[in-house]
Enquirer: 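Please see the structure below; I have some questions.
Convention: sequence-line order gives letters A, B, ...; per-chain numbering from 1. Excluded from the calculations below are hydrogen atoms, water molecules and symmetry mates; all remaining heavy atoms, backbone and side chain alike, are included.
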There are 2 protein chains.
Amino acid sequence: MSRPTKHSPERGSARTRLLEAARDIVRTKGFAATAVDDLCRSADVTKGAFFHQFGSKEALGVAAAEFWAETTSVFFADAPYHAPADPLERVLAYVAFRKAIIAGDLAEFTCLVGTMAQEIYASSPDIRDACGRSIFGHAATLEADIEAARRDRGIIGDWTAESLARHTQTIIQGGFVLAKAGNDPELARESLDHLDRYIRHLFHITEENAA
Amino acid sequence: MSRPTKHSPERGSARTRLLEAARDIVRTKGFAATAVDDLCRSADVTKGAFFHQFGSKEALGVAAAEFWAETTSVFFADAPYHAPADPLERVLAYVAFRKAIIAGDLAEFTCLVGTMAQEIYASSPDIRDACGRSIFGHAATLEADIEAARRDRGIIGDWTAESLARHTQTIIQGGFVLAKAGNDPELARESLDHLDRYIRHLFHITEENAA
DNA sequence: ATATAAATACCGTACGGTCGGTATTTGTCA
DNA sequence: TGACAAATACCGACCGTACGGTATTTATAT
């Protein structure tokens, strides 16, 4: 594996391996504590290759956030929560899906861009903005279903689909923080139960009129 | 100021000044990116004093989390949201208070222990646990009012006061993450509005039966 | 006198980044 | 098609510095 036989086998093998290494290591140790040498070792790539692909450690941070945005958006686009015909059902299925994928080690299910944003928001505006695009871009994918559900059911409240979509991300990100602080993934799942209950409240779903 | 003429001059001991410096600098740069020299410079203290007070940088991290727990618990104990006679009013006043204190620069209102926990949860169990004690200790201060409100109003739901108290912290912490990622404090306030609405829903507060 | 607090010079190393060079791929034109 | 130059990908030794931490000395309080 020392030398790729083709120029671009898929999308640049050293580059991709470095981005995957960044995803995994930064999620466990944080961005600042992750050394370029750590990434090179994990990706089985030399330092020369690193600085050939990314001009600086900060550039890698930006690329890692963009890589995260791309891979997660494919992951969520392919996820089963889009199946229900009713938009509100899809929204609730999203919440259930987010709860279901909280499993295993903390570093496996927590959010790279949330972690990075929290750490470097003041030091590196470029990384911060790339993280922001990932988070708010994902939130935006929920808006259409929320808005459709709202229209379908004639809900009038002093909140917007955009705001509720962002709120789901607040709860997901906050859940990760509590799960880390308490070293217990259940803390993140617990808040998603509250979110589920909140959404049902907003849409006047009670035991009686539930499907 | 090279050598303090008195043991504890007035400006606070070297230890306290270092803890205050840690609070401010770690909140902006994160723990790993904060150098011991940064702290010494900011606290106007030499490195010898630093390592006399704290055996290691990690020990300072633990002490900073404990310092945060102490100062915030005093701050919240003295805050005006305890005034209302009705426990539910106190809970809602707490949420309003959390919203009100989100002002100024991000580093001024965001949470030291949430930031540190997110960053070092895997690298330093000692700091992580100190952060956890701060967050969950604060959450616990809300439990009594939530439980009293629940009993007062005869609310029966599939949630506990403990869980709702933690959920408030999830939303606060998640709000900080989004505010940082979007570089906009309003994002944190926005989710507190949803929390307020959720709590009113849980306690069946509508426009009609509101005080 | 003793213990505590703090100053300062210093240490080894691990960090981000550079640089000169080599291998591989690709475009181009007989 | 083959030759060949240009561009791209990669290698690994090296550099200056900033890092966490130590050792020794000096000041202060009781």
Enquirer: Rounded to whole angstroms, how far apart are CG on Leu60(B) and C1' on dC19(D)?
Expert: 15 Å
Enquirer: Please pick, from dG17(C), dA7(C), dC10(D), the nucleotide with the shortest atom-to-atom distance to any side-chain atom of Lys47(A).
Expert: dG17(C)
Enquirer: Which nucleotide in the list dC15(C), dA6(C), dC10(D) gets nearest to the side chain of Asp37(A)?
Expert: dC15(C)
Enquirer: Starting the side chain at C-beta, find the nucleotide from dA9(D), dG16(C), dA6(C) nearest to Val36(A).
Expert: dG16(C)
Enquirer: Just N and O in the side chain of His52(B): are any of them under 4.0 Å from OP1 or OP2 of dA6(C)?
Expert: no
Enquirer: If you compare every side-chain N and O of Gln53(A) against the phosphate oxygens of dC10(D) (OP1, OP2), does one of them come in below 4.0 Å?
Expert: yes
Enquirer: Which nucleotide wins on minimum distance to the side chain of Ala35(B), given the candidates dC19(D), dA7(C), dC11(D)?
Expert: dC19(D)
Enquirer: Hey, what's the ring geometry for Phe76(A) with His138(A), parallel, tilted or perpendicular (30° and 60° as the breaks)?
Expert: tilted
Enquirer: Taking Thr141(A) for the side chain and Gly137(A) for the main chain, is one N or O donor matched with an acceptor at less than 3.5 Å?
Expert: no
Enquirer: Using the ring of each side chain (for Trp, its six-membered ring), is Tyr198(B) parallel, tilted or perpendicular to Tyr198(A), with breaks at 30° and 60°?
Expert: perpendicular
Enquirer: Taking the minimum atom-to-atom distance to the side chain of Ser13(A), which one of dC10(D), dC15(C), dA6(C) wins?
Expert: dC10(D)
Enquirer: What's the CZ-P distance between Arg17(A) and dA9(D), to the nearest Å?
Expert: 14 Å
Enquirer: Find the distance Asp38(A):CG to dA14(C):P and express it as a whole number of Å.
Expert: 11 Å
Enquirer: From CG of Leu39(B) over to C1' of dC19(D), roughly how many Å is that when rounded to an integer?
Expert: 13 Å
Enquirer: Which sits closer to the 5' end of DNA chain C, Val45(B) or Ala32(A), going by the nucleotide each is nearest to?
Expert: Val45(B)
Enquirer: Distance check needed: dA6(C) P versus Arg41(B) CZ, whole Å only.
Expert: 19 Å
Enquirer: Atom CZ of Arg15(B) to atom P of dT4(C): distance rounded to whole Å?
Expert: 15 Å
Enquirer: Which nucleotide in the set dA5(C), dG21(D), dG16(C) lies at the smallest distance from any side-chain heavy atom of Lys57(A)?
Expert: dG16(C)
Enquirer: Go through dC11(D), dG21(D), dC15(C) for me and flag the one nearest to the Phe51(B) side chain.
Expert: dG21(D)
Enquirer: Kindly determine whether Val62(A) and Glu66(A) satisfy side-chain contact (heavy atoms from CB on, under 4.5 Å), including the steps that lead there.
Expert: CA-CA 6 Å; Val62(A) 173; Glu66(A) 287 165 351; 3.7 Å; yes
Enquirer: Taking the six-membered ring of Phe31(B), is NZ or CZ of Lys57(B) closer than 6.0 Å to its centre and within 45° of its axis?
Expert: yes
Enquirer: Please give, in whole Å, the distance from dT8(C) C1' to Phe50(B) CZ?
Expert: 17 Å
